[in-house]
Amino acid sequence: MNISQSQNNTSVLTFRTDFWWLAPLSSVLAIVAFVIYSTWAAFQGGHFEYQNYHSPFSWPIHPKWWPFSPAFLTIWAPLGFRATCYYVRRVYYRSFFRDPIACAVRESRKSYSGETDVPFIFQNLHRFFLYTTLIELAVLWLDAIHGFIFSGRFGFGIGSLVLLMNSTLLSLYTFSCHAFRHLVGGNLDCFSQCPKRSFLWKKISILNERHGLYMWISLGWVGFSDLYVRMLSMGIWKDIRFF
Ligand code: FES
């Protein structure tokens, strides 16, 4: 196609003939499904515990003075962490704002101001959400360990494995974070002067390559973990105890 033809076709969305719309569409469906479920669970405000299992959607300690759902004590940290995640930003800029929706597909916006407008300026808070998420991750690991203790004795059931998997996947997502990678290896002029940080940075860089994958799997699994504990608490599902 020559330049004059291309100028005549500025109203065409794209010349791509492959299934380029599949990725943004699936992202929209997955994110909307998670947001609907997690919002409903947070406002519903109950069924976050079953015996020694605790849902990742709520803080294990529920202060008496707190009048709202316990989920609101904790949900803001992972919500802020995910909403400002570099990978998730790419996903929702493409799939929700069509900015651009895919490579070689016409953009919907007329002007560009980057991330300098409200509310996008708050994307800079990502590293601070990382710090709060690290604290919550430690609590989730305590919950996962607690899931193996039945009446003071070690044991395990399906729920123990569900919570263990949840903490593992959330750890992979958190420790593969770009901001965490920078925290470990950033602001260094010379890696050879800091071999331990260099070593850690290289390991985190390997995790970082799969950051998007960990984001999606951990998102799905954290929702499933809450659903599992909720179904047990409501008496709809029965947990299988191995010993
Ligand atoms: Fe995705 Fe930090 S870049 S969690």
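Note that the structure is a prediction, hence the values are computed from the model and not measured. Index from 1, following the sequence.
- The 12-atom threshold is not exceeded at CZ of Arg127, counting heavy atoms of other residues, nucleotides or ligands nearer than 6.0 Å.
- Under the rule for a side-chain hydrogen bond (donor to acceptor under 3.5 Å, both in side chains), the partners of Tyr87 that lie at least two apart in sequence or sit in another chain are Trp216.
- The side-chain heavy atoms of Phe224 and Asn166, taken from C-beta on, include no pair separated by under 4.5 Å.
- Summarising the local packing, CZ of Phe19 is surrounded by 12 or fewer heavy atoms from other residues, nucleotides or ligands at distances under 6.0 Å.
- Under a 3.5 Å cut-off, the side chain of Ser233 and the backbone N or O of Val229 do not form any donor-acceptor pair.
- Expressed to the nearest 0.5 Å, how far OG1 of Thr174 lies from CG of Leu140 amounts to 9.0 Å.
- Here the side chains of Pro78 and Glu136 are in contact, with some heavy-atom distance below 4.5 Å.
- The neighbour count for Arg89 CZ, taken as heavy atoms of other residues, nucleotides or ligands under 6.0 Å away, is above 12.
- If you chain together hydrophobic residues whose side chains sit under 4.5 Å apart, Leu164 and Ile149 never meet in one group.
- Put simply, OH on Tyr214 and SG on Cys177 are 14.0 Å apart, with the number rounded to the nearest 0.5 Å.
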request  = Report the C-alpha distance between Phe150 and Phe156 in whole Å, list the side-chain angles of each, state the deciding distance to 0.1 Å, and finish with yes or no for ring pair (Phe, Tyr, Trp, His ring centres under 6.0 Å).
outcome  = CA-CA 8 Å; Phe150 296 83; Phe156 77 91; 8.8 Å; no
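- Contact between Ser167 and Leu137 at its shortest, heavy atoms only, is O-CD1, 4.2 Å.
- The hydrophobic cluster containing Phe57 does not contain Leu142, counting ILVMFWY residues as joined when their side-chain heavy atoms lie under 4.5 angstrom apart, directly or transitively.
- Both Met234 and Tyr37 belong to a single network of hydrophobic side chains, linked directly or stepwise wherever heavy atoms of I, L, V, M, F, W or Y lie under 4.5 Å apart.
- A distance-only check finds no donor-acceptor pair linking the side chain of Asp226 to the backbone of Gly223 [under 3.5 Å].
- In this structure, the side chains of Trp59 and Trp66 stay at 4.5 Å or more apart for every pair of heavy atoms.
- The backbone N or O of Ala104 sits less than 3.5 Å from a side-chain atom of Thr14, completing a donor-acceptor pair.
- Looking at heavy atoms from C-beta onward, Phe120 lies in side-chain contact with Tyr93 at the 4.5 angstrom threshold.
- The closest donor-acceptor contact from the side chain of Ser95 to the backbone of Val28 lies at 3.5 Å or more, if one exists at all.
- Within a 6.0 Å radius of CZ in Phe68, other residues, nucleotides and ligands contribute 12 heavy atoms or fewer.
- Using bins of under 30°, 30° to 60° and over 60° for the plane-to-plane angle, the ring pair Phe43/Phe72 lands in the perpendicular bin.
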task = Take Trp201 and Phe199, measure what ring pair (Phe, Tyr, Trp, His ring centres under 6.0 Å) needs, and give me the verdict at the end.
result = CA-CA 5 Å; Trp201 182 83; Phe199 173 81; over 10 Å; no
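- Side-chain contact, Arg82 with Ser218: a donor N or O sits under 3.5 Å from an acceptor N or O.
- With values rounded to the nearest 0.5 angstrom, Phe175 atom CZ is found 10.5 Å from Leu170 atom CG.
- The shortest distance between side-chain heavy atoms of Arg181 and Ser205 falls below 4.5 Å.
- Two residues are said to be in side-chain contact when any heavy atoms from C-beta on lie closer than 4.5 Å; Ser160 and Phe148 meet this criterion.
- With hydrogens and angles ignored, the 3.5 Å screen pairs a side-chain donor or acceptor of Trp221 with a backbone N or O of Val162.
- For the atom pair SG of Cys194 and CG of Asn187, the computed distance is 11.0 Å after rounding to the nearest 0.5 Å.
- Side-chain N/O atoms of Thr132 and Trp76 include no donor and acceptor closer than 3.5 Å.
- Grouping the Ile, Leu, Val, Met, Phe, Trp and Tyr side chains by contacts below 4.5 angstrom, directly or via other members, places Ile206 apart from Ile204.
- Between Ser69 and Phe48, the shortest heavy-atom contact is OG-CE1, 4.0 Å.
- To the nearest 0.5 angstrom, Ile145 atom CD1 is 12.5 Å from Asn52 atom CG.
- Using a distance-only test at 3.5 Å, with no hydrogens or angles considered, a donor-acceptor pair links the side chain of Arg230 to the main chain of Gly46.
- Residues Tyr228 and Asp239 are in side-chain contact: their nearest non-hydrogen atoms beyond the backbone lie under 4.5 Å apart.
- Leu13 and Leu25 fall within the same hydrophobic cluster, where Ile, Leu, Val, Met, Phe, Trp and Tyr residues are linked whenever their side-chain heavy atoms come under 4.5 Å apart, directly or through other members.
- A search for side-chain hydrogen bond (donor to acceptor under 3.5 Å, both in side chains) contacts involving Thr84 returns His126, not counting sequence neighbours.
- Using modelled atom types, one side-chain atom of Asn208 and one backbone atom of Ser176 make a donor-acceptor pair closer than 3.5 Å.
- A distance of 8.0 Å separates CZ in Arg197 from CZ in Phe191, rounded to the nearest 0.5 Å.
- The 12-atom threshold is exceeded at CD1 of Ile236, counting heavy atoms of other residues, nucleotides or ligands nearer than 6.0 Å.
- Between the side chain of Thr74 and the backbone N or O of Ser58, no donor-acceptor pair lies under 3.5 Å.
- In this structure, Arg98 contributes its side chain and Pro100 its backbone to no donor-acceptor pair below 3.5 Å.
- Between Phe128 and Tyr131, the closest side-chain pair of non-hydrogen atoms falls below 4.5 Å.
- Within the 3.5 Å criterion, the main-chain N or O of Cys103 finds a donor-acceptor partner in the side chain of Arg16.
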